[in-house]
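Since the structure comes first, as structure tokens, the remarks are kept for the end.
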Amino acid sequence: MAEHLLQASRQRQVKAMTAAAGSAGQAAVPLLLCALLAPGSAYVLDDSDGLGREFDGIGAVSGGGATSRLLVNYPEPYRSQILDYLFKPNFGASLHILKVEIGGDGQTTDGTEPSHMHYALDENYFRGYEWWLMKEAKKRNPNITLMGLPWSFPGWLGKGFNWPYVNLQLTAYYVVSWIVGAKHYHDLDIDYIGIWNERAFDINYIKVLRRMLNYQGLQQVKIIASDNLWEPISASMLLDSELLRVIDVIGAHYPGTRTVKDARLTEKKLWSSEDFSTLNSDVGAGCWGRILNQNYINGYMTATIAWNLVASYYEQLPYGRCGLMTAQEPWSGHYVVEAPIWISAHTTQFTQPGWYYLKTVGHLEKGGSYVALTDGLGNLTIIVETMSHKHSMCIRPLLPYFNVSRQFATFILKGSFSEIPELQVWYTKLGKPSERFLFKQLDSLWLLDSGGSFTLELQEDELFTLTTLTTGSKGSYLLPPKSQPFPCVYKDDFNVDYPFFSEAPNFADQTGVFEYFMNIEDPGEHRFTLRQVLNQRPITWAADAFGTISIIGDYKWSNLTIKCDVYPETPEKGGVFIAGRVNKGGILIRSARGVFFWIFANGTYRVTGDLAGWIIYTSGHADVTAKKWYTLTLTINGGFSSGTLNGKPLWKNVSVNFPKNGWAAIGTHSFEFAQFDNFRVEAIH
């Protein structure tokens, strides 16, 4: 009889939940069933035998490179809204970790980020936008973990070599200066520092860096290495006790949820210190959901960091839209809160660094996985994912085939969790728009009369969070403005007395660094300009071009007129250009094609079909010398182009057949000082 009553009570509960689920989204939202009603596999969640590893957080990378470039010139309130979706606790992605590039002046994927030390005796802790971003993150979440990592380095550190380990003390001084500057100028405490992104590490450099940090009173700053593969760093640590002592975390990139034996033998924390980098569609969201669970289950990784934080760079650059969300239109204010934001929330809003994984985590019988974490104070968060192979492929590495099918999974809470009366339920279903839900709160689950167990009906491409925490929420703002193309007519005179950022809006430097500049000796029209400030090639991470270039505008632009005042500063050898239809950027910048109009301080001009200057359309003499201002105009219409110097035709009707479209650009012939002013472009759509 008692059994019968219990069964009746269970059926009532299921009916209530079915009704709730039905009202939430008809039959699309799965039923949460109490135990014993359906056959399936049982999974015990128990802390009686102790806990697993300490959880260190979920985060994202800004940089590597210039991935947040367009975010800074978003108008308010949209810029603050984007930052809230990324960093505000219990609102959106609610990230635990922010990792930034330590700008090194070189091309590092989608652009260059400026160094705090362009030259040996130069220090400036207000260049670029990573300082600002870290402060905005801290403002929203004072507990966020901050990390810095160099991709490229300024050229002077190499003393003529393309290598940062020529003088170990000098490079360590450069990196430590960045950490000290973060604190001194911005009150930012950097928690972790890396070595050299996805490039060689030097064992002695790592030791020198640790000693210099300690000498500066920065014992609390931890070292992560080597931001590449698990090997050879893990084996090196096992063979060198001092190296083992000075490295706090082994960080691997794109580990495919797996680690190696040597890494485990070090007994250090293991992180996936760069992962994801997949288009932020539902497939990207599936990739992110799967690895957030399985990086720990398969590979013992206690932090996972996505490249990249927000896709705030021109979409046609490499890895377009590979951010947790998209904000690539500051001119319109339009942005998109993509699915990976809500996938993140399933973990980030219900855990914190310092929580512990349970030992009882694993794979589901018919595909998918589950993890559980606790704060040790009675709270429990369970995250279950059933991402299918087809809908969860990351950009790398190759994903071996696996199958996921409909299943019933019963979870049994034991140990200190057996008395938990209620769990909050958050649900995501990726896929067809008609069945799609992102981070939806369902009715909570009552466990009082079920002996601490519950059963989920799981379909593929779903994500459940079941938690004792009641603080989760799906933050929202009114829809941002509609998407608009880059304005057809755009001009900038760079007349900014005290610029908040060192770079002019919308210009995306692809080799070299272009900064606002004030001519002390020019009281006239060219007092405020944009200046290319590198005078030597950086220690590169990617294949920077041999000259400098900054792109701007709409990649679809075809017919346009670009006008700009230019000022070559280098006698005889100096050269500057304006360009249209530039078709490549980022790590591909060396092979960029387009229409490039050059003038040189030796009194010549040239029109080329590529940045490298191999394809020469026409050339000749021009009345040009260094340290004088000239006005260049480039007009491209259909298959023809023409150019003027100071308003007078210099060349016309030069045939240009390829490419058909691309960005506008400015730049220099080599790593040389030059200035630009009164930039104007008019495109005919």
Side-chain angles (χ1 to χ4, degrees), residues 53-64 87 95-104 113 116 130-131 133-135 137-138 141-151 153 164 171-172 174-183 186-199 201-202 205-228 230 233-234 237 243-253 255 263 266-275 295 300-309 348 352-355:
R53 293 189 173 216
E54 184 182 5
F55 173 67
D56 297 306
I58 308 299
V61 186
S62 170
F87 300 119
L95 296 171
H96 304 136
I97 302 168
L98 172 60
K99 176 175 177 176
V100 303
E101 174 178 355
I102 298 177
E113 296 205 22
H116 59 290
E130 305 298 2
W131 310 109
L133 186 65
M134 286 189 283
K135 284 191 286 194
K138 273 280 187 201
N141 175 6
N143 298 322
I144 198 164
T145 299
L146 297 177
M147 305 176 65
L149 174 66
W151 268 248
F153 296 83
T171 299
Y174 166 83
V175 169
V176 171
S177 299
W178 184 87
I179 298 172
V180 172
K183 181 63 177 171
H186 304 285
D187 198 24
L188 292 166
D189 292 296
I190 303 300
D191 300 292
Y192 291 87
I193 194 73
I195 307 306
W196 187 15
N197 182 72
E198 292 171 1
R199 298 291 179 264
F201 61 89
D202 179 295
Y205 167 72
I206 298 173
K207 295 173 182 176
V208 167
L209 178 62
R210 178 73 269 165
R211 286 200 290 274
M212 199 172 289
L213 285 166
N214 293 352
Y215 181 72
Q216 289 285 343
L218 296 167
Q219 289 84 353
Q220 77 284 1
V221 178
K222 297 185 168 78
I223 290 178
I224 178 168
S226 68
D227 280 294
N228 202 342
W230 294 116
I233 191 69
S234 301
M237 290 166 71
L243 185 68
L244 184 69
R245 196 171 67 249
V246 301
I247 293 173
D248 299 278
V249 176
I250 305 180
H253 287 197
T266 64
E267 297 184 356
K268 295 288 181 177
K269 286 177 176 289
L270 309 179
W271 289 10
S272 175
S273 54
E274 187 180 312
D275 220 324
N295 275 348
Y300 308 95
M301 286 165 263
T302 53
T304 297
I305 301 172
W307 187 90
N308 58 64
L309 175 72
T348 56
Q352 284 302 321
W355 282 43

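If you read the sequence from its start, that first residue is 1, and numbering goes on from there. Predicted, not measured: the structure shown is a model, and the values here were computed from it.
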CG (N295) and OG1 (T302) are apart, to the nearest 0.5 Å, by 10.0 Å
If every non-hydrogen atom of [X] is compared with every non-hydrogen atom of [Y], which pair is closest and at what distance?
X	Y	result
R53	L270	NH1-CG, 3.9 Å
T145	D191	CA-OD2, 3.4 Å
I206	I233	CD1-CD1, 4.3 Å
A303	I97	CB-CD1, 4.0 Å
W307	G64	NE1-O, 3.0 Å
S234	I250	OG-CD1, 3.7 Å

Applying side-chain hydrogen bond (donor to acceptor under 3.5 Å, both in side chains) to K207 and not counting sequence neighbours gives D240
The side-chain hydrogen bond (donor to acceptor under 3.5 Å, both in side chains) partners of N214 (sequence neighbours excluded) come to R210
Across all chains, not counting sequence neighbours, the side-chain contact (heavy atoms from CB on, under 4.5 Å) partners of E101 are T108, E113, W151
>> Would you say CD of Q219 has more than 12 non-hydrogen atoms from neighbouring residues, nucleotides or ligands within 6.0 angstrom?
In response: yes
Measure from the side-chain N and O atoms of D248 to the backbone N and O of I223, and report whether any donor-acceptor pair falls under 3.5 Å.
yes
_For K99, is there an ion pair with D227 - N to carboxylate O distance below 4.0 angstrom?_
yes
Notebook entry, point to check: Taking the six-membered ring for Trp, are the ring centroids of W271 and Y192 within less than 6.0 Å of each other?
Noted result: yes
Using salt bridge (charged side-chain N to carboxylate O under 4.0 Å, His left out) as the criterion, list what pairs up with [X], not counting sequence neighbours.
X	result
K135	none
K269	E54, D56
R211	E242

Open item on the list: I'd like to know if the side chain of D275 pairs up with that of T304 as donor and acceptor (distance under 3.5 Å, no hydrogens or angles considered).
Closed with: no
- What is the ring orientation for Y174 with F153, classed by angle as parallel under 30°, tilted 30 to 60°, or perpendicular over 60°? tilted
